[in-house]
Amino acid sequence: MSTTPSRLPSEARQAEIVTVALSLAQQTSPALITTSDIAAGVGVTQGALFKHFPTKDAIWLAAMGWVRSQLLTALERAAAKAPSPLEALAGMFKAHVGFVASHPGVPRFIFHELQRPDDSPIKQEVRKILQGYRKLLRKQLDAAVANGQVSPRLDLEAAATLFVGVVQGLVMQSMLSGSPGAIKSQADAVFAIYRRGIQEAP
């Protein structure tokens, strides 16, 4: 019986490579993950891997592009389902937490990249994520003020920054605890505090 991996269309194989790379990042520092590791995880040779990505950095750049697309889409969908701006913020919070719980290798990868001193293309992709994220948050925060759901005196930029920071804090604690799924158990209580804060801003 042949053990040769089935041939996939290039786009499908690239997606598989990205998925394996992020999966490996769950347990191993991205700096220590080699192209050999990724190729083995996919079930192809290094030569076959390099037909899709010329370098390991190219794989990680594609991985960050995938994260940007998947995360922002999840946030947009969550907001679109909500009956009000404040509920949209709650939905976005849960969507982000759920994304991290489902893909625990993603924050490890991002934190690793942010420690690099150079302004790499991957860091630039992270900034694009944050820009898109803040744009979505500001849309809902502006609407919440207009609808009278939050304080009209609310500092909207600070509220957006705090939203992202709260999620990042939960992510960091889940990484330290070694239990990525634990982030979900705290999400509702943490968001409730954030919600009260923006509703009662002085």
Side-chain angles (χ1 to χ4, degrees), residues 15 18-19 22-23 25-26 63-114 122-202:
V18 163
T19 298
L22 289 173
S23 178
Q26 294 182 30
M64 189 55 71
W66 179 89
V67 170
R68 177 162 67 98
S69 173
Q70 294 296 312
L71 177 58
L72 294 182
T73 296
L75 297 176
E76 289 171 351
R77 286 176 178 168
K81 294 177 183 178
S84 71
L86 201 52
E87 291 307 315
L89 289 171
M92 290 169 65
F93 193 87
K94 289 182 180 180
H96 193 163
V97 167
F99 181 83
V100 171
S102 298
H103 307 285
V106 169
R108 289 175 61 91
F109 164 46
I110 292 177
F111 287 138
H112 165 74
E113 288 299 325
L114 293 179
I122 299 175
K123 274 190 179 180
Q124 294 169 22
E125 195 71 20
V126 174
R127 282 200 292 272
K128 289 180 183 178
I129 295 175
L130 187 56
Q131 289 166 1
Y133 201 143
R134 291 183 69 90
K135 183 177 179 180
L136 292 172
L137 287 173
R138 278 300 307 265
K139 178 182 178 181
Q140 298 304 329
L141 287 166
D142 287 339
V145 170
N147 289 0
Q149 289 188 295
V150 301
S151 170
R153 297 177 297 280
L154 180 66
D155 184 328
L156 299 178
E157 284 300 313
T161 298
L162 181 60
F163 186 104
V164 176
V166 169
V167 176
Q168 289 174 335
L170 281 173
V171 171
M172 181 65 74
Q173 290 182 64
S174 73
M175 291 173 64
L176 289 171
S177 71
S179 179
I183 189 173
K184 286 186 173 182
S185 66
Q186 298 179 335
D188 288 344
V190 170
F191 183 79
I193 295 173
Y194 173 83
R195 182 172 183 156
R196 285 197 298 274
I198 63 175
Q199 287 179 303
E200 301 169 7

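What you see is a predicted model; the values in this text were computed from it and never measured. The first residue of the sequence shown is numbered 1, and numbering continues consecutively from there.
Looking at every heavy atom in both residues, Ala25 comes nearest to Gly105 through CB-O, 3.7 Å. Considering every non-hydrogen atom in both Met64 and Ile110, the closest pair reads CE-CG1, 3.5 Å. The nearest pair of heavy atoms linking Ala144 to Pro85 is N-CB, 3.5 Å. For the pair Ala101 and Lys184, the tightest heavy-atom approach, listed with the atom from each and the gap, is CB-CE, 3.8 Å. Nearest heavy atoms, Val100 versus Pro107: CG1-CG, 4.1 Å. When every heavy atom of Val145 is checked against every heavy atom of Ser151, the shortest pair comes out as CG2-O, 4.0 Å.
Of the charged side-chain nitrogens involved, at least one lies within less than 4.0 Å of a carboxylate oxygen, so that Arg195 and Glu87 count as a salt-bridged pair.
Under the 4.5 Å side-chain criterion, counting only non-hydrogen atoms from C-beta, Phe99 is in contact with Val67. No side-chain heavy atom of Val166 sits under 4.5 Å from any side-chain heavy atom of Ile193. Between Val97 and Gln186 the shortest side-chain heavy-atom distance does not fall below 4.5 Å. Side-chain contact check for Val167 versus Tyr133: some heavy-atom pair is nearer than 4.5 Å.
Counting non-hydrogen atoms of neighbouring residues, nucleotides and ligands closer than 6.0 angstrom, the NZ atom of Lys123 exceeds 12 such neighbours.
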**OP:** Applying side chain to side chain contact (heavy atoms under 4.5 Å, CB included), run through Leu141 and Val150 and close with a yes or a no.
**Re:** CA-CA 8 Å; Leu141 287 166; Val150 301; 5.6 Å; no
**OP:** Check the pair Leu71, His103 against side chain to side chain contact (heavy atoms under 4.5 Å, CB included), reporting the backbone distance first and the verdict last.
**Re:** CA-CA 11 Å; Leu71 177 58; His103 307 285; over 6 Å; no
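Annotation: the span from Met92 atom CE to Leu72 atom CG amounts to 9.0 Å, rounded to 0.5 Å. To the nearest 0.5 angstrom, Glu157 atom CD is 12.5 Å from Leu162 atom CG. Of the inter-residue distances, the one linking Ile129 atom CD1 with Leu75 atom CG reads 10.5 Å to the nearest 0.5 angstrom. Going from atom CG of Leu130 over to atom NZ of Lys135 covers 14.0 Å, rounded to the nearest 0.5 Å. The NE2 atom of His96 lies 14.0 Å from the CZ atom of Phe191; values are rounded to the nearest 0.5 Å. Between the CD atom of Gln140 and the CG atom of Leu156 there is a distance of 12.5 Å, given to the nearest 0.5 Å.
Ser23 places no side-chain N or O within 3.5 Å of a backbone atom of Thr19 that could act as its donor or acceptor partner. Here the side chain of Ser102 pairs a donor or acceptor atom with the backbone of Gly98 at under 3.5 angstrom. A donor-acceptor pair under 3.5 Å is formed between the side chain of Tyr194 and the backbone N or O of Ala159. Arg68 places no side-chain N or O within donor-acceptor distance of the main-chain N or O of Gly132, the cut-off being under 3.5 Å.
Counting only residues at least two apart or on different chains, the side chain to side chain donor-acceptor pair (under 3.5 Å) pairs with a member in residues 72-85 are Ser84-Gln149.
The aromatic rings of Phe93 and Phe163 sit perpendicular to each other, their planes meeting at more than 60°, with 30° as the lower class boundary.
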